[in-house]
Structure formats: structure tokens, C-alpha cells
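These notes are about the structure you will find just below.
Values in this document were obtained by computation on a predicted structure and should not be read as measured data. The figures that follow rest on heavy atoms only: side chains count, while hydrogens, waters and symmetry mates do not. First listed ligand is number 1; within each ligand, the first listed atom is number 1.
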Amino acid sequence: MRSITVLSGGVGGARFLTGLLHGIATSQLPGTTPETNVTVVANTADDIWIHGLKVSPDLDTVMYTLGDGIDPERGWGRREESWSVKEELAAYGVEPTWFGLGDRDIATHLVRTQMLEAGYPLSQVTQALSRRWLEPKFGDRLRLLPMTDDRVETHVAIADESQPSGKRVVHFQEYWVRMRAAVAAEQLVFVGLDQSSPAPGVAEALSTADLVIVPPSNPVVSVGTILGVPGVREALLDRTAPVVGLSPIVGDRHVHGMAEQMLTSIGVEVSAAGVGRHYGSRGRGGVLDGWLVDSADSAAVPALEAAGIKAAAVPLMMTSPDATAAMARAAIELVS
Ligand code: FO1
């Protein structure tokens, strides 16, 4: 396999990529060699302008995780972080205080914001930041692309009796970070998504890769948004090589994050089979050729096969790079 493309959100996608790259480097993955290259197409609908800075959480989480700069406990932001700027902003009474930008992390957002304001597209900003974080370790065998260079933001409508409409719309980050997704997401609004176009290299990475992997990221606000960029689905469909996914739902629960709330918000059953059917079989207008479910959900396999999706049940907890590499191996074997 010359090239693999992965559609990634934040924490779950980054953890999967760590295992995939480990599996390639240690020759655990059939068909790959140390020269196999990986292109990551990352979600940018989590992005937020805050304190005058453009923050791209999923791009940064992938970049910091693979570049060993991530804070392992939080799964986002920098390790060995300090929070002086955040404390000073709070001392000035500047809102919002619910979204924490660490001092080291702020340098990333300053570089990104300056380059965007100088007219560079997000894809070139990401390439510049990756020169520090990814190139030294992976050379040209790993490429990180935003799904689009256009501004796209996920906003969430929640109940608010004080409003005449009975609803209020908040940015996804406020829904997740400030509210911990504790209230129902009555409606999701993907601002700018329908007008967006794939970033340079994205369509080609999807249509020419020898394998496309949908990792256990949030199927709605991470993978769903990538698939929602006009042109992305078409690039996935006009390819011969397989598309294989791994369920983020294990035993009817999400492993972390807020997939349950997001799936419920769009009326999709919170189960491994429900998500597989939501992505759909590539032969029937969907995107998947194969779908891995956790051993706990082996009963889902026949229904998925009936829906035209090859399925298998294997352990899907990413407890270590080797465990994750084994998941990547099972995904490759499922569709080889
Ligand atoms: N998550 C939190 O729970 N609290 C935060 O204060 C926070 C700040 C933050 C800053 C930069 C960044 O890249 C990510 C940050 N996150 C924070 C995580 C973020 O909400 C998630 O990475 C994704 O957007 C959701 O998948």
C-alpha cells in the first residue's frame, strides 16, 4: 500500500493515528511498508475565533499528538503548559473564561492568525505549523490537511425559555466545553459548510489513496462535517480502493466526548450498527465498504452485512499504540 488517507476529528482520531503510524513503522500492518504515506484530512468545524485568535482544535490535537507536544491527560493543548495569559484575561474580566488557552498553545494561534490575516489559506498555515511538529519525525510520509480552507463552524441550538423562539444557538465549543453537552442538542447548524470546498489535496487524497479509514471520531461533528464538504463524498465514491471504518460506539455508549448527544440530535441510533448504517454502504449511496465493531457488539455483524457493509467484531479500545495497531490491522484485513 503506497498511501492511506484518514478522516480525523480530535482526540479519538489522533489516538487512532498514533496506533496506525506505529503499526506502519513496526511492519504490523499487511500491505504497508515504512515508505507508506498517510494523509490526514482533519475536521475544522470545531474551529473558533476567541480573544481575536483563530483556534483549530482538531488540527492542533492531531499535530500536537503526533508531534509529541500534546498534554496526555487532557488530550488537547500542550504539555508542560502554563496559564498566565488566561489568568490575566480573567483578571481583566475578559470573557469567555470557560475556554482555556495555554501560554504555549497561544503561540500556535498567534502564528495561525497572523498567517491567515496575511492572506495565507488554512492549508498553508497548517503546512507551516507541521514543519515544526510533523516533518522532523515523519518527513513527507505524513501530511495534515484541513478539510477545507473556508470558514465552517458547528453551532448548536439548545432550549432557552427566556427566548421568544424557546431556543438559543451557541458555538459548538460553548456547548461542549462550557455546558459539557449536558443539555440536549435540539439542532445542529453547520455554518458555512454548504458553501465550502475541499482544501487543496483533499479530493485527490480521497480518490487516489489505496485505503481510506474512518477512525473512531465523532460521526456527526467530526467525520460528518468532513463528509459534508461538497465534493468530498463524490471523491470517496469515484474510487476503486476500499473505505473502512471503526465504530466510536462500544456497547451502545460513546467511549469519550459527546457522540451520544450528537447522534441523538440527528436521530441516529446510538449503537455500532446504527453508526455503520448511518455512514451507509458505498454500494448503496453511502461511504463504507467495511465497518469494525467492538467484540461487545458482535451481534451487530449480520445486520451490517445485510446492509451491504462487510463487518467484523474485534477489541476496539485504544489502550496502547499496539492495541490500536491491531485495530488498524483488523480494518485492513476486513477489506483486503
Ligand atoms: N476542552 C475543554 O474541555 N476545555 C477547554 O478549556 C478547552 C480549550 C481548548 C483550547 C484549544 C484546543 O485546541 C482545544 C481545547 N479544548 C478544550 C478541547 C476542544 O474542545 C476539543 O478538542 C474539540 O474541539 C472537541 O473534540
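- In this structure the side chain of Phe138 never reaches within 4.5 angstrom of the side chain of Asn37, judged on heavy atoms.
- Every atom of ligand 1 with a heavy atom of Trp176 under 4.0 Å away is listed here by number and element: 20 (O), 25 (C).
- Using a 4.0 Å cut-off between heavy atoms, Arg180 contacts ligand 1 through its side chain alone, with no backbone atom that close.
- Taking 4.0 Å as the cut-off, Arg74 does not count as a neighbour of ligand 1 on heavy-atom distance.
- The shortest contact between atom 16 (N) of ligand 1 and any protein heavy atom is with Trp76 CD2, 3.4 Å.
- A cation-pi geometry, defined here as NZ or CZ lying under 6.0 Å from the six-membered ring centre and within 45° of its normal, holds between Arg180 and Trp176.
- Close N/O approach between Met258 and ligand 1 is not found [any backbone or side-chain N/O within under 3.5 Å].
- Counting heavy atoms under 4.0 Å from ligand 1, residue Phe99 touches it through both backbone and side chain.
- Counting heavy atoms under 4.0 Å from ligand 1, residue Trp98 touches it through the backbone alone.
- With a 6.0 Å cutoff to the six-membered ring centre and a 45° limit on the axis angle, Arg78 counts as a cation-pi contact of Tyr64.
- Judged by the shortest distance from any of its heavy atoms, Pro57 lies inside the 4.0 Å radius around the atoms of ligand 1.
- For atom 11 (C) of ligand 1, the nearest protein heavy atom (residue, atom name, distance) is Asp105 OD2, 3.5 Å.
- Given atom 4 (N) of ligand 1, the protein heavy atom at minimum distance is Val177 CG1, 3.3 Å.
- Nearest heavy atom pair, residue Thr126 against residue Pro146, reads OG1-CD, 4.1 Å.
- Within the 4.5 Å cutoff, the side chain of Arg141 has no heavy atoms near those of the Val38 side chain.
- Checking only distances, Gln173 does come within under 3.5 Å of ligand 1, N or O to N or O.
- The distance from ligand 1 to the heavy atoms of Gly100 drops below 4.0 Å at these ligand atoms: 5 (C), 6 (O), 8 (C), 9 (C), 10 (C).
- Counting heavy atoms from C-beta on, the side chains of Glu153 and Trp49 come closer than 4.5 Å.
- The two residues Met318 and Pro216 come nearest to each other via the heavy atoms CE-CG, 3.7 Å.
- A single hydrophobic cluster is seen to contain both Ile24 and Val335, as judged by linkage of ILVMFWY side chains at heavy-atom distances under 4.5 Å, directly or through other members.
- Close N/O approach between Asp46 and ligand 1 is found [any backbone or side-chain N/O within under 3.5 Å].
- Not counting sequence neighbours, the partners of Lys167 by the side-chain contact (heavy atoms from CB on, under 4.5 Å) test are Ala157, Ser165, Glu186, Gln187.
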